[in-house]
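The basis for the numbers below is simple: all heavy atoms, side chains too, and nothing from hydrogens, waters or symmetry mates. Chain A is the first sequence line, chain B the second, and so forth, proteins listed ahead of strands; every chain is numbered from 1.
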Number of protein chains: 2
Amino acid sequence: MTIPNDTDDTLALESQLCFALYSTQLAMNKLYRGLLRELDLTYPQYLTMLVLWQRDRQTVSEIGEQLYLDSATLTPLLKRLEVAALITRQRSRQDERQVEIALTEKGRSLREQAKAIPHAAGCAGQCTPEEAAELRDALHGLRRRLDRQ
Amino acid sequence: MTIPNDTDDTLALESQLCFALYSTQLAMNKLYRGLLRELDLTYPQYLTMLVLWQRDRQTVSEIGEQLYLDSATLTPLLKRLEVAALITRQRSRQDERQVEIALTEKGRSLREQAKAIPHAAGCAGQCTPEEAAELRDALHGLRRRLDRQ
DNA sequence: TCAATCTATATCGCGCACGATTCAATCGCT
DNA sequence: AGCGATTGAATCGTGCGCGATATAGATTGA
């Protein structure tokens, strides 16, 4: 009697951490699309604004280091934020290779509206702050290990 | 004496679960890009193959329900898998609106190569199976709550 | 000094995601 | 039977991500 040789679930979709991560990120993105509609920002644009609200006047690569994005992604994104009059982009005097990104008054003032977002997102995810923090730390840990590869 | 009115870290990038999710997904994607290079698959294409390896002959929307993707994303992706000769696409006889996706022999046989992927990914993430399972379940739970919104 | 090298940003091409729309096939109802 | 509503897939437009390449400016060293 032969044992069926392919009943193992190694490749089962739902068993895989990578798919849990992928599909949850899709769901989170969808949630934020709704929350960010009134700010007229996409999710990556929102992240970029978070970086600048924490510290104004940063170069493209400084922003990229924090978001894990490179200039191929950021340059067009930043141009759109510039068109939206939320930031300015100008070549650094000291080093003409660098481009300094700075908030406009409009960009700074958008922060007030944005303050409501994290709480709204937390409610939607029905997470207690403790649950959210635990999951966040587990994810950051995983990311750190993946980055080392 | 005035207390600075904006030292709260509500909007701090690293404190937010959504960014942990976003950046970890970027890192995971990067890992899989490397692992999948020899299979000549992108990550979403790999997920689609997982779905078909679990059950052959499914319609576009059946695949979409499992991956949380709609036809706008899947139709072009499936066309590329068809060009790669991994699947066939043909209109259902019973219901001409539906398109049935079926594996080719080449598509079926790719499964053998793919079996090594989950283990390789687990090693890269340096997760014990228990850690991975726990994080996976926490993420599926969060996704379920987000989907209800 | 000036050529080789390195660095920061930009550009190009491709493949997702997805909102909005279109179109054909099917269903439901009278 | 026939017509409005629904459904399944495709199409279009926009915005990421990112590998690969380009380009201009800065740095290094013989």
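Of the candidates B:E100, B:Q66, B:Q98, B:Q58 forms a side chain to side chain donor-acceptor pair (under 3.5 Å) with just one, namely B:Q66.
Side chain of A:S109 to main chain of A:K106: a donor-acceptor pair is present (N/O by atom type, distance under 3.5 Å, no hydrogens or angles). Judged by distance alone, the side chain of A:R136 and the main-chain N or O of B:S15 form a donor-acceptor pair under 3.5 Å.
A salt bridge does not link A:R91 with A:E96: none of the charged nitrogens is closer than 4.0 Å to a carboxylate oxygen. In summary, B:E105 and B:R108 engage in a salt bridge, as defined by a charged side-chain N under 4.0 Å from a carboxylate O.
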So if I define the base as every atom that isn't primed, P, OP1 or OP2, how would nucleotides 9-19 of chain D read as a B/S/- string at a heavy-atom cutoff under 4.0 Å? BBBB--SSBBB
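Relative ring orientation between A:H140 and B:F19 is described as tilted, the plane-to-plane angle lying within the 30° to 60° band. Ring orientation note: the planes of B:Y32 and B:Y46 are tilted relative to one another, at an angle of 30° to 60°.
For DNA chain C, the outermost nucleotides in 5' to 3' order that have an atom under 4.0 Å from a heavy atom of chain B are C:dG15 to C:dT26.
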